[in-house]
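Here is the structure we will look at.
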Amino acid sequence: MSENKHTYDTICFMELAYEFDVSEKKEIEAKIIRKLKYYNLGKFDLEKVEYLRTIKNDLFSEISKSTKSKYFKNSKGLANMTDFNLEKLLKEYSLKYEKIEKEDLSTMINYSIYLYYMR
């Protein structure tokens with residue numbers, strides 16, 4: 001994502017990334033609505049948010065596998081972004097989730113690796 005450029009998809013995804021339980025759904029959606037309004041990115045679209053939630057769940061599932069992920073390359077000590085094959089992840093997820101711009105998807109993948117693997 002270039003120079004703090006907020007998009008509808010990345011704003012929604014970054015809130016959804018912290019949703020770990022169904023009971024948090026309404027609270028997260030309320031946060032999304034507030035951020036969309038703040039950044040003037042349009043109305044809340046439940047269908048689009050559910051699509052992004054699917055991507056989030058998919059990334060969480062894959063990245064949480066850590067060394068067992070098919071995208072895991074190797075680790076040279078501390079957790080690092082380069083432990084995953086980012087190019088392959090982006091290529092395959094771009095084909096799987098065609099409705100998302102590649103730049104936004106790249107941001108989502110990087111954020112997911114940071115949040116679910118490196119922290």
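Looking at Lys48 and Asp9, their side chains come closer than 4.5 Å, going by heavy atoms from C-beta outward. Looking at Leu36 and Cys12, their side chains come closer than 4.5 Å, going by heavy atoms from C-beta outward. Here the side chains of Leu86 and Ile113 are in contact, with some heavy-atom distance below 4.5 Å. Glu50 is listed as a side-chain neighbour of Arg53, based on a closest heavy-atom distance under 4.5 Å. Looking only at side-chain heavy atoms (C-beta outward), Phe84 and Lys73 stay at 4.5 Å or farther from each other.
Val22 and Val49 end up in different hydrophobic clusters when Ile, Leu, Val, Met, Phe, Trp and Tyr side chains are linked at under 4.5 Å. Met118 and Leu78 sit in two unconnected hydrophobic clusters of ILVMFWY residues. Membership requires side-chain heavy atoms under 4.5 Å apart, directly or through other members. Both Phe44 and Tyr38 are members of a single hydrophobic cluster when ILVMFWY side chains are connected at heavy-atom separations under 4.5 Å. There is a path of hydrophobic side-chain contacts, each under 4.5 Å, that joins Phe20 to Leu52. There is a path of hydrophobic side-chain contacts, each under 4.5 Å, that joins Leu16 to Leu46.
Defined by atom type and a distance below 3.5 Å, a donor-acceptor pair is missing between the side-chain atoms of Asp104 and Tyr8.
Using a 4.0 Å cut-off between a side-chain N of Lys or Arg and a carboxylate O of Asp or Glu, Lys35 and Glu15 qualify as a salt bridge.
If you take NZ on Lys99 and CG on Leu105, they are separated by 14.0 Å, rounding to the nearest 0.5 Å. If you take CD on Glu24 and CD on Glu29, they are separated by 12.0 Å, rounding to the nearest 0.5 Å. Atom CD of Glu87 is separated from atom CG of Leu89 by 11.0 Å, given to the nearest 0.5 angstrom. We find the OG-CD1 distance between Ser112 and Ile63 to be 4.5 Å, quoted to the nearest 0.5 Å. For the atom pair Ile100 CD1 and Thr7 OG1, the distance stands at 8.5 Å (nearest 0.5 Å). Here CD of Glu19 is found 10.5 Å from NZ of Lys26. Values are rounded to the nearest 0.5 Å.
The heavy-atom pair separating Met81 from Tyr114 by the smallest distance is SD-N, 4.2 Å. Across all non-hydrogen atoms, the minimal contact from Leu41 to His6 is CD2-O, 4.0 Å. The two atoms that bring Tyr111 and Ala17 nearest to each other are CE2-CB, 3.8 Å, heavy atoms only.
For the pair Lys96 and Tyr93, the cation-pi criterion (under 6.0 Å, within 45° of the ring axis) is fulfilled. In this structure, Lys56 forms no cation-pi arrangement with Phe13, as its terminal cationic atom is not both closer than 6.0 Å to the ring centre and no more than 45° off the ring axis.
Side chain of Asn40 to backbone of Lys37: no donor-acceptor contact under 3.5 angstrom is found. In terms of modelled atom types and a separation under 3.5 Å, the side chain of Tyr39 and the main chain of Ile11 share no donor-acceptor contact. Of the possible polar contacts, none joining the Asp83 side chain to the Ala79 backbone as a donor-acceptor pair under 3.5 Å is found. At distances below 3.5 Å, not a single donor-acceptor pair connects side-chain atoms of Ser106 with backbone N or O atoms of Lys102.
Applying the 6.0 Å contact sphere to OH of Tyr18 captures more than 12 heavy atoms from other residues, nucleotides or ligands.
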Walk me through it: do Lys43 and Ile33 pass the test side chain to side chain contact (heavy atoms under 4.5 Å, CB included)? CA-CA 7 Å; Lys43 301 259 186 224; Ile33 291 168; over 6 Å; no
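Screening Glu92, Lys88, Glu62 against Tyr71 for a side chain to side chain donor-acceptor pair (under 3.5 Å) leaves a single residue, Glu92.
A search for side-chain hydrogen bond (donor to acceptor under 3.5 Å, both in side chains) contacts involving Ser23 returns Asp21, not counting sequence neighbours.
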